[in-house]
2 protein chains.
Amino acid sequence: MATNPYPRTKRGAERREQILRAAEAMIGTQGFSAASIADITRHAKTALGTFYIYFSSKEDVFRELVLEMGQLTRAMVTQAVADAPNRLEAERAGLKAFLRFVAERPSLYRIVEEARFIDVEAYKAYFTNFAKAYAAQLREAEASGELRPGDAEVRAWALMGIAKTLGERYVLWDETADIDHVVDEAYSMIRDGIAP
Amino acid sequence: MATNPYPRTKRGAERREQILRAAEAMIGTQGFSAASIADITRHAKTALGTFYIYFSSKEDVFRELVLEMGQLTRAMVTQAVADAPNRLEAERAGLKAFLRFVAERPSLYRIVEEARFIDVEAYKAYFTNFAKAYAAQLREAEASGELRPGDAEVRAWALMGIAKTLGERYVLWDETADIDHVVDEAYSMIRDGIAP
DNA sequence: TTGAAATATGAATCAGTATTCATGTTTCAT
DNA sequence: ATGAAACATGAATACTGATTCATATTTCAA
């Protein structure tokens, strides 16, 4: 259940990373149950038993991948949003960055979504943490008059929902979609709504 | 792989339905892989082998449940939206109806989401069909001036994303949430956006 | 009423794979 | 340089659960 101790040697650290990357590739493409430990270690060019030196179970690597994804996503969005002139532009930039991220690491995206069925706690933590930070930003912007007043938490979840679904539809399913167009249209709706 | 022929006798039709309902209950609460055929038939008070008279595999019942969910959701939303005075009010009514549906049949909702990992085609079909009808409605409303012009397809997916995520966060995860409040806030954002 | 088709049963088959472990090999602080 | 701690190996273990099948029982059209 618990994560194994971190490797003490350089070789150990490298092996662990190899296995983690192999797990990302295998679980990300085949899914959690279809990806076997044997697949993972084969892909990592290491022996089967080596897996258990670094991870205590398949669920364990999986959890680590979900955590990693959370950190990566947050870091990437934070950075993408950093130099937006105001909150509205930050929304556009954040959405675009997220969709780009999905395009670049579709496997990690899939892993996060599958977490819902493998490790609910990790899944909830991922989105709850993200939503908390997101809502705080919205509240600040609202206070400074950059946004119309409204429930920041509901808005944060709604906006995350938009990003997730558009990522799935226009990035994962449709490799020819015009991302910029999608972002523009979604942003327009987010900013001004659909009322005439 | 293919669905078995529909039962010829009354008893057969009843058994099939029993098993389908048991599969909904088991897969909906335990998840696809954790729910065994033995669980399902035990819950349906029938013998293990009986399952295979009506369904060719576990994936087969699962697919049927996803289809059923699609029909139910569409029927329910269509009806809820039927007597809205205009498209904007239809949006509010549709969102509220969807959240109520999630509250009433959390297991079917979970099944649809898990379909993404068990039967991608069924999953895509579910949302693609829904989105197609949804976008058509939006286009009509736009043509009659009830909505501000915009890409109806992107809007449809974005709006579905909002509904899905709010359903997950405020209905499945939080049984004490004030659904009406959530609907009002989300609707306000959908109608007028977040710009001041 | 009757027998061919449908349906019911659950033990047995069959396949897959997560995890362990006994046995080497490598690393690195001393 | 050296030996105790880390790490590597993959065959063997242990278990689960989907699917099949030979054998009853029930249904219902003729």
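Letters A, B, ... mirror the listed sequences (proteins, then strands); counts begin at 1.
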Discussion item. Parallel, tilted or perpendicular: which one describes the rings of B:Tyr134 and B:Phe130, with boundaries at 30° and 60°?
Written reply: perpendicular

Worksheet item: Looking only at atom types and distance, does a side-chain atom of B:Tyr109 sit under 3.5 Å from a main-chain N or O of B:Lys164, one as donor and one as acceptor?
Response: yes

Discussion item. Which residues pass the ring pair (Phe, Tyr, Trp, His ring centres under 6.0 Å) test with A:Tyr54, not counting sequence neighbours?
Written reply: none

Fill in: Qualifying side-chain hydrogen bond (donor to acceptor under 3.5 Å, both in side chains) pairs, either residue in residues 28-40 of chain A, two or more places apart
A:Ser36-A:Asp39, A:Asp39-A:Arg42

Worksheet item: For the side chain of A:Ile53, counting heavy atoms from C-beta on, which of C:dA18, C:dT9, D:dA8 is nearest?
Response: D:dA8

Discussion item. If you take any heavy atom closer than 4.0 Å to DNA chain C, which residues from residues 40-49 of chain B end up in contact?
Written reply: B:Thr46, B:Ala47, B:Leu48, B:Gly49

Discussion item. Tell me whether the side-chain N/O atoms of A:Arg15 come closer than 4.0 Å to OP1 or OP2 in D:dC7.
Written reply: no

Worksheet item: Across the strands shown, which category fits A:Tyr54 at heavy-atom distances under 4.0 angstrom: base, sugar-phosphate, nothing?
Response: sugar-phosphate

Fill in: Distance in angstrom units between A:Phe51 CZ and C:dA18 P, rounded
9 Å

Response to the item:
Atom CD1 of B:Ile19 and atom C1' of C:dT9 are separated, to the nearest Å, by 12 Å

Discussion item. Using whole Å, what does the distance between atom C1' of nucleotide C:dA18 and atom CG of A:Asp60 come to?
Written reply: 14 Å

Worksheet, complete the sentence: The contact string for nucleotides 22-30 of chain D, one letter per nucleotide 5' to 3', using protein heavy atoms under 4.0 Å with B, S and - for base, sugar-phosphate only and none, comes out as ----SSS--

Fill in: A:Phe127 and A:Tyr123 aromatic ring geometry - parallel, tilted or perpendicular at 30°/60° bounds
perpendicular

Fill in: Spacing of B:Tyr6 atom OH relative to C:dA6 atom P, expressed in whole Å
15 Å

Item to complete: To the nearest 0.5 Å, tell me how far B:Ile194 CD1 sits from A:Glu146 CD.
Response: 10.5 Å

Worksheet item: Just checking B:Ala13: base, sugar-phosphate only, or nothing, at a heavy-atom cut-off of under 4.0 Å?
Response: nothing

Discussion item. Going by ring pair (Phe, Tyr, Trp, His ring centres under 6.0 Å), name the residues that satisfy it together with B:Tyr187, two or more places apart in sequence or in a different chain.
Written reply: none

Practice prompt. Whole angstrom is fine here: how far is it from CD in B:Glu17 over to P in C:dT7?
Written response: 15 Å

Show the atom names and distances, to 0.1 Å, of all donor-acceptor pairs under 3.5 Å that link a side chain in residues 72-81 of chain A to residues at least two apart or in another chain.
| unit_1 | atom_1 | unit_2 | atom_2 | d |
| --- | --- | --- | --- | --- |
| A:Thr73 | OG1 | A:Met69 | O | 2.6 |
| A:Thr73 | OG1 | A:Tyr126 | OH | 3.2 |
| A:Thr78 | OG1 | A:Arg74 | O | 2.6 |

Practice prompt. Using atom CD of A:Glu59 as one end and atom C1' of C:dT19 as the other, report the distance to the nearest whole Å.
Written response: 12 Å

Worksheet item: Tell me: CD of A:Gln18 to P of D:dC7, nearest whole Å?
Response: 14 Å

Discussion item. Out of the candidates B:Glu24, B:Arg110, B:Arg100, only one should pair with B:Arg105 under the side chain to side chain contact (heavy atoms under 4.5 Å, CB included) rule; please name it.
Written reply: B:Glu24

Item to complete: Under 4.0 Å between any heavy atoms, over every strand shown, what does A:Ser36 touch: base, sugar-phosphate, or nothing? Just pick one.
Response: sugar-phosphate

Worksheet item: Just how far, in rounded Å, is P of D:dA8 from CG of A:Asn4?
Response: 13 Å

